[in-house]
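Accompanying notes for the structure given below.
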Amino acid sequence: MKLSRNRQFTGLALAGALALSACGSDQAVDNEDAASAGDVNCVDGGGTLDGAGASSQENAMATWIAAYTGECEDTTVNYDSVGSGAGRTQFIDGGVTFAGSDAALDENETEQATERCHGSEVVNIPGYISPIAVTFNLEGVDSLNLTPELIADIFNQEVTEWSDDAIAELNPDADLPDTEIIPVNRSDESGTTENFVAYLSEAAGDSWPHEVSGDWPIEPAEAGQGSSGVVAAVEGGEGTIGYVDASHVDDLGTVNVGVGDDEFVEFTPEAAAAIVDASEPREENTEHDLAIDLNYTDGGSDAYPIVLISYEVACLEYENEQDAELVKSFLSYVTSEEGQQAVADEHGSAPITEETRENVQNTLDQITVTS
Amino acid sequence: MTTTTNKPSTGAPGDGPDIADRSLLTGSLPRYFAPALLAGVAAVVAGLLFVSGSFGLPLFAIGTVVAYTVLITLASARVENGRKAKDRLVTTVVYTCFGLAMVPLLSLLWTVLSMGIERLDGYFLSVSMSGVTPTMDAGGVYHAIVGTIAITLFASLISIPIGLMTAIYLVEYGRGRLKKAITFFVDVMTGIPSIVAGLFVVALWMMFFGPGNTNGAAGAVALSVLMIPVVVRSSEEMLQLVPTQLREASYALGVPKWLTIVKVVLPTAIAGITTGIMLAIARVIGETAPLVLTAGSSAVAINWDLFNGQMMSLPVFIYSQVRMGDAINYERAWAAALTLILIVMLLFFVARLVSRFFAPKLGR
Amino acid sequence: MTTTDSSTTPRAPKGKRRIGDVVFGNTARGSGILILAILAGVAAFLIIQSFDALSANTANFLTTTEWDANTDADEEPAFGVAALAFGTVLAAALALVIATPIAVGIALFIAYYAPRRLASLLGYIVDLLAAIPSVVYGLWGIGYLVQELTPFYQWLSDYLGWIPLFAGPISTTGRTMMSAGIVLAVMILPIITAISRDVFLQVPRGHREAALALGATRWEMIRMAVLPFGRPGVIGGAMLGLGRALGETMAVAMILSPALIISPHLLQSGNQTIAAHIALQYPEATGHGVSALIAAGLVLFAITLVVNMAARYVVARRKEFSE
């Protein structure tokens, strides 16, 4: 069997294509178009900074890293979005220099992490604040007003039809069909679920009698993997309702969440930032730790109460000078005005407020090398 | 293979000796009958569906196939005989099976092609994602191509020698318990879920190199665990097909066993072995889960070094883009999927050339 | 996927052992032993790593359906693999039931019905499909297939709803066990087809031509000469496909809307497979979580082992009949 000319030609063409692609480059965008980090304090000599953790920060980290490494040559930043739990474990094991986590380290973890930090303080820095939107897919309806109790009843599968009186009462103008309600939750364990459930259990009182954890507490009606999976499920069905990170909402209808008496707040980055301002620092915080105890119930009428705060977890002392400098430099950029704004523009997150930033910078300034 | 069912049955009545079994003398449907019937049935079904106002492609296809199957079988049973009717029935079923399977497969290929082609160009193939934010209309997959090639190549370097030697052992040397055990456990190994292989290597790396060592080599080792059994299985099959006479002839000439294997057995089976190895590579080149755990999922720059730093690969790239979930991310994901398929096609092609080159020149 | 009979391979001439032979033979044997060592390593790893969670578990691991393993130090984990194992076997069996007959059909078509040129092209396409990453199958599944299938599900549950498998009310998003099974079937179709085709083509020409010469129709030739010869190969191929279906992670995780229940209703959302569960839970696993997931991996490993043993038994029995 001889090769037909045709095949030889195809082979040649493909080989050519491969050879061509052998001269690829890291220069994906021209310098002037590249994401820019503004005035960032690069570390002399560069180096590699490894982080791992929450997948909620994946998009934001990709944005920060693109801008930061664009500015600081010879510096590589890796962020593995392995999940908050795995990220915290890797941080405690010393595998990564910082972790991204949807929950601040608890007492037990802090203890273990202190060991990893050579006895120095472990800090949780709020780096990424994102509203969690309650979205639904219902023909002809773009937004709905729902109270926390009603949201809880819907996700608890107790209110089962969109035409239910309770919904109609709050939304006199909406044309509600008698479609069945299909609640969609995350099938993977996640910080988004944990924050959403924590909100329900605080704000909805007896309507949400379940335990708070990253796993959905009841037998799901419908579930999807990750925010993109939930969005796909909500879009794919009729009468579906789910909760996702704000950056994934697209054109779906969203819920205005009831706060206080008869007031409803639409999800916006500003409204989400407001709830963070209205919240208190966590009680167990050590001197420089900045973990926040979210106040779901009375943040005022301008505050959108369902938010996800994702922290950057770092040590105050590192054994290696380069590590200390890189963490300080990169996290300073992350929490800087430019950094926060870049991510807010791209992914609809809420920039941290000036007050928080001052505290953060104060903490970051403490990061040093072990003496 | 070229026989068709439409050939007239033996002789016309009266031509030959008397035949007792009348079934051998039955007539046959003319050659044009089957296609004509199909066209007729299709037209009638389409007409009926239009009249009833429920025309839909799936319904039309199902209706046509069912009606055609019934009619051709009945017609054949009446004009020809029961055996031929059965043959026609099975022929229709086999064609239908084929058609049925081609629908999802072609739909999949078409989806990837049509969605992927939008973004697939020289720029996309030749740059990395370095300095590109997720929603920026820029960036490419060069770093992922590099990673996929490097990791797969390294995995092949580990798996092919081990797998091939094991196959040789099983076919040429093995006997008794050890052989039975290896055959059995190789089968078991084909069933190791890819994510378990990933977890295994993560633990292994943790043990040897300490925490935080994600690199390309770890990914390659995880892929080898998945690839070795496939190589063994397919090479074993192919080695068994080598005629015993060839080996005997070689021994008769006083050639040592190992030279017989290297010079006679392997070249004879090389074409099949290459195909098998290609299939094994194809099996692992699209693996996602173990690579996310072992080689990392965040590298954005080109990295040729298997032993240092994270390495992106095409499947992981697709996965992470899908998770990011914007329209542009989906575009990148589809284009990367198309790139991966093109790479596999290229590999298959090279494999065919290689096997041609090494195969003994027989008068085939 | 046949086992060889060692009597078919001739012995090399005896005499003084040559150095080359010794080295080569031992390398070959060493490779085989290395494979056993790797497998033993994987098994040992699974057992050791899962021990921690299994010993802390307060529920019966094999009969419990819920999964509560991410506990703090002072809580007792309670988790079981019953629902997961059921879902895994269900999804894989569904895929196998759908894929095997169709794959045999295509293999017959490629081997004995299609024109030669077309046949080699089709063979190539089928091989290519085996290489498409499961993520892409998953993407195609959620993005395209489930929408197309939902009307069909509605029809199934309307007319066949009295069979528990197809009982309604159906899931309107189509992210069900049935969809997962169908996508898995499409995924394993190329593997089963490729192997079946290879065995069908190996049927000795003499057998086939003898059948045809005796006046057999094409189907009779296939039934009498091809299928008996190819049966062990088809079963082997199906087992390989089953192995892939059992361990498939990403496609199932993307398509299925999971719930930790044991439900026979294929058209409603629910059930979950072990591999997908590991992928979904691993990132956020804390406490005994990782160890518990590895225990689930161990169960998956054991299921594969059992399936392979069963296949081996079937092939061996068939062989007795057909020879």
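The structure displayed is predicted, hence computed values, not measured ones.
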Inset, instruction - Rounded to the nearest 0.5 Å, what's the gap from CG on B:N308 to OG1 on A:T48? Could you check? - result: 7.5 Å
Legend entry - A:Q90 side, atom CD; B:T214 side, atom OG1 - distance, nearest 0.5 Å: 7.5 Å
Legend entry - Distance-minimising heavy-atom pair for A:S81 and B:S297: N-OG, 4.0 Å
Legend entry - Shortest non-hydrogen separation from A:S228 to B:Y330 and the atoms involved: CB-OH, 4.1 Å
Legend entry - CA sep, side-chain torsions, deciding dist, call: A:T63, B:M136, side chain to side chain contact (heavy atoms under 4.5 Å, CB included): CA-CA 9 Å; A:T63 306; B:M136 199 185 265; over 6 Å; no
Legend entry - Donor-acceptor side-chain pairing of B:R323 and A:S227 below 3.5 angstrom: no
Legend entry - Pick from B:G122, B:S298, B:G309, B:G296 with the largest number of heavy-atom pairs that fall under 4.5 Å of chain A: B:S298
Legend entry - Donor-acceptor under 3.5 Å (A:H248 side chain, B:M324 main chain): yes
